[in-house]
Amino acid sequence: MRWKRTIQLLDVHAEGEIGRVAIGGVPKIPGDTIAAQLHWLNTDPKGDELRRFLCLEPRGAPIGSVNLLLPTRHPEADAAFIILQPDQAHASSGSNSICVTTALLESGIVEMKEPETIVTLETAAGLVKATATCRDGRCEKVRLTMVPSFVHELDVGIDTPHWGRIKADICYGGIFYALVDVGQIGLTIEKANAAGLVQAGMILKELINRDIKVVHPEIPAISGVAYVMFRDTEADGTVRTCTTMWPGRADRSPCGTGNSANLATLYARGKAKVGDVFTSKSIIGSEFEVGLQAVTEVAGRPAVIPTITGRGFTFGLTQVALDPFDPHPNGFALTDVWGPSAGEI
């Protein structure tokens with residue numbers, strides 16, 4: 001083979017959401033911290049080239065993420081990673097943390113201990129503690145202790161050309177979210193409405209980021225609303241979610257960072273207390289268990305420590321390569337699959 005670059009990926013999904021894990025061939029990423037490496041990936045042309053190589057066609061696809069395993073910088077961490085998606089590199093993700101933990105243990109990169117293995121993951125947002133239930137060489141489920149999550153602002157008014165004035169909660173759960181009660185756009189969270197939900201999410205994300213600037217008070221590399229998550233509550237208290245992601249797709253999982261952000265809103269409104277646990281269900285019906293473990297502060301703001309529990313499943317092993325004569329080394333995206341926003345690539 002005459003390949004000039006190869007990266008080995010272990011294919012994993014968490015409750016339906018794909019999170020491939022780059023277990024070999026990851027190039028050196030400049031930066032003294034994971035947050036600095038995140039910044040490099042999002043600002044340097046070589047970082048953009050790597051993301052495009054893995055996430056755009058013909059080697060990538062709109063659905064799912066690629067997790068780059070990196071050398072740890074924190075003395076307590078067992079592994080470090082950054083999430084690559086078609087739009088940019090992201091700091092944190094619950095479903096991807098489950099995928100990474102499953103990959104580390106089932107591949108033997110981190111020794112599996114039964115009945116339970118604790119893996120400390122280093123992300124640009126901070127340390128995530130993953131407690132994996134293990135049996136017969138398999139990672140059965142993963143309970144994540146997430147980074148502190150907090151409210152930036154509740155009930156933010158947004159004027160829209162389609163739905164009039166709606167309200168959103170702007171919150172942080174490892175990345176920034178706009179949380180919107182789905183009834184405001186006249187839809188429900190179900191498979192048949194996926195296209196309508198993601199179209200609405202893309203419109204709202206653009207409007208919100210145009211008018212509202214958010215930056216993490218302690219981690220400047222994390223800024224801007226990354227996703228719009230629609231939410232609803234079922235009669236039994238189950239939270240139904242649909243996180244919408246560029247270029248226009250629905251998160252297949254219930255979304256760990258989104259539920260962490262939402263938990264901060266529930267606590268702020270007096271609807272959740274330490275020790276509470278509830279179920280969150282995705283657009284495809286898969287479930288996470290969400291818990292409020294503790295309360296804390298971030299730069300003087302009240303914050304919560306969420307827990308997210310779900311399952312990861314390996315489904316393949318892929319080697320992605322670049323032929324030196326390939327006319328599309330930086331990838332491409334077409335509006336027939338990626339939606340109108342593909343014109344920006």
Side-chain angles (χ1 to χ4, degrees), residues 13-19 34-35 38 64-67 81-85 87-101 121-130 142-152 168-180 201 205 208 214-216 218-219 221-231 239-246 249-268 272 278 280-283 286-293 296 298 303-310 312:
H13 75 83
E15 302 297 348
E17 178 67 10
I18 296 171
I34 304 301
L38 174 74
S65 307
V66 174
N67 298 288
F81 74 103
I82 290 174
I83 304 109
L84 300 185
Q85 291 180 350
D87 61 339
Q88 66 179 73
H90 291 274
S92 184
S93 164
S95 64
N96 283 291
S97 293
I98 292 171
C99 288
V100 167
T101 302
L121 302 172
E122 185 177 7
T123 76
L127 296 181
V128 174
K129 178 184 175 183
V142 179
R143 179 178 183 267
L144 304 171
T145 302
M146 303 290 279
V147 300
S149 302
F150 59 86
V151 169
H152 174 77
D169 297 332
I170 310 299
C171 305
Y172 177 81
I175 46 181
F176 282 103
Y177 279 82
L179 306 172
V180 177
K205 179 184 174 182
I208 290 164
V214 289
V215 180
H216 193 286
E218 297 176 345
I219 312 171
I222 304 176
S223 64
V225 169
Y227 308 122
V228 172
M229 186 177 89
F230 295 107
R231 64 189 176 188
V239 173
R240 190 92 179 193
T241 70
C242 177
T243 294
T244 57
M245 314 171 82
W246 192 93
R249 74 175 188 88
D251 189 339
R252 273 62 172 159
S253 81
C255 190
T257 46
N259 268 293
S260 296
N262 189 51
L263 188 65
T265 74
L266 295 175
Y267 177 74
F278 62 89
S280 180
K281 188 176 294 186
S282 77
I283 193 170
S286 58
E287 296 181 355
F288 281 165
E289 182 182 87
V290 182
L292 203 170
Q293 178 171 289
T296 184
V298 173
V304 299
I305 304 295
T307 61
I308 303 290
T309 304

- Decide side-chain contact (heavy atoms from CB on, under 4.5 Å) for V214 and V225; before the verdict, give the C-alpha distance in whole Å, the side-chain angles of both, and the deciding distance to 0.1 Å. CA-CA 7 Å; V214 289; V225 169; 4.2 Å; yes
task: Begin with the C-alpha distance, continue with both residues' side-chain angles, and end with the deciding distance and a verdict on side-chain contact (heavy atoms from CB on, under 4.5 Å) for I34 and I82.
output: CA-CA 8 Å; I34 304 301; I82 290 174; 3.8 Å; yes
* Could you go step by step and tell me if Y177 and H152 meet the ring-ring contact (aromatic ring centres under 6.0 Å, His included) rule? -> CA-CA 10 Å; Y177 279 82; H152 174 77; over 10 Å; no
ask   = Taking it one step at a time, do R249 and E17 satisfy salt bridge (Lys or Arg N to Asp or Glu O under 4.0 Å)?
value = CA-CA 11 Å; R249 74 175 188 88; E17 178 67 10; 2.6 Å; yes
Under the side-chain contact (heavy atoms from CB on, under 4.5 Å) rule, what do L144 and T309 come out as? Steps first, then yes or no, please. CA-CA 6 Å; L144 304 171; T309 304; over 6 Å; no
Test side-chain contact (heavy atoms from CB on, under 4.5 Å) applied to I170 and I208, step by step
CA-CA 9 Å; I170 310 299; I208 290 164; 4.2 Å; yes
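Contact record, T243 with M229: OG1-CG, 3.2 Å, taken as the closest heavy-atom pair. The two residues G19 and N96 have their closest heavy-atom pair at CA-OD1, 3.3 Å. Between S286 and R252, the closest heavy-atom pair is OG-O, 3.3 Å. For the pair V298 and A303, the tightest heavy-atom approach, listed with the atom from each and the gap, is CG2-CB, 3.9 Å. Across all their heavy atoms, V147 and P306 have their closest contact at O-CD, 3.5 Å. Taking every heavy atom of both residues into account, Y267 and A272 meet most closely at CD1-O, 3.5 Å.
Side-chain atoms of V304 and T296, non-hydrogen and from C-beta on, never get closer than 4.5 Å to each other. Residues P254 and K281 fail the side-chain proximity criterion, which asks for heavy atoms closer than 4.5 Å. Side-chain contact between L121 and V100 is present, with at least one heavy-atom pair separated by less than 4.5 Å. Using a 4.5 Å heavy-atom cutoff, the side chains of E287 and E15 are not in contact. Using a 4.5 Å heavy-atom threshold, the side chains of K129 and I305 count as separate. The shortest distance between side-chain heavy atoms of L266 and F278 falls below 4.5 Å. Put simply, the side chain of V128 does not reach to within 4.5 Å of the side chain of T145, judged on heavy atoms.
Atoms CZ and CZ, from F176 and F150 in turn, are 4.5 Å apart once rounded to the nearest 0.5 Å. If you take CG on L84 and CG on L38, they are separated by 9.5 Å, rounding to the nearest 0.5 Å. Annotation: the span from N262 atom CG to T257 atom OG1 amounts to 11.5 Å, rounded to 0.5 Å. Taking CG from L179 and CG from N259, the interatomic distance works out to 9.0 Å, rounded to the nearest 0.5 Å. Atoms CD1 and NE2, on I222 and H216 in that order, are 5.5 Å from each other to the nearest 0.5 Å. How far OG of S65 is from CD1 of I18: 9.0 Å, rounded to the nearest 0.5 Å.
At distances below 3.5 Å, at least one donor-acceptor pair connects side-chain atoms of K205 with backbone N or O atoms of A226. A distance-only check finds no donor-acceptor pair linking the side chain of Y227 to the backbone of T244 [under 3.5 Å]. Without hydrogens or angle criteria, S253 side chain to D251 main chain gives no donor-acceptor distance under 3.5 Å. Using modelled atom types, one side-chain atom of Y172 and one backbone atom of G174 make a donor-acceptor pair closer than 3.5 Å. The closest donor-acceptor contact from the side chain of H90 to the backbone of S92 lies at 3.5 Å or more, if one exists at all. Using modelled atom types, one side-chain atom of S260 and one backbone atom of G256 make a donor-acceptor pair closer than 3.5 Å.
Side-chain contact annotation: Q293 with T307, donor-acceptor N/O pair under 3.5 Å absent.
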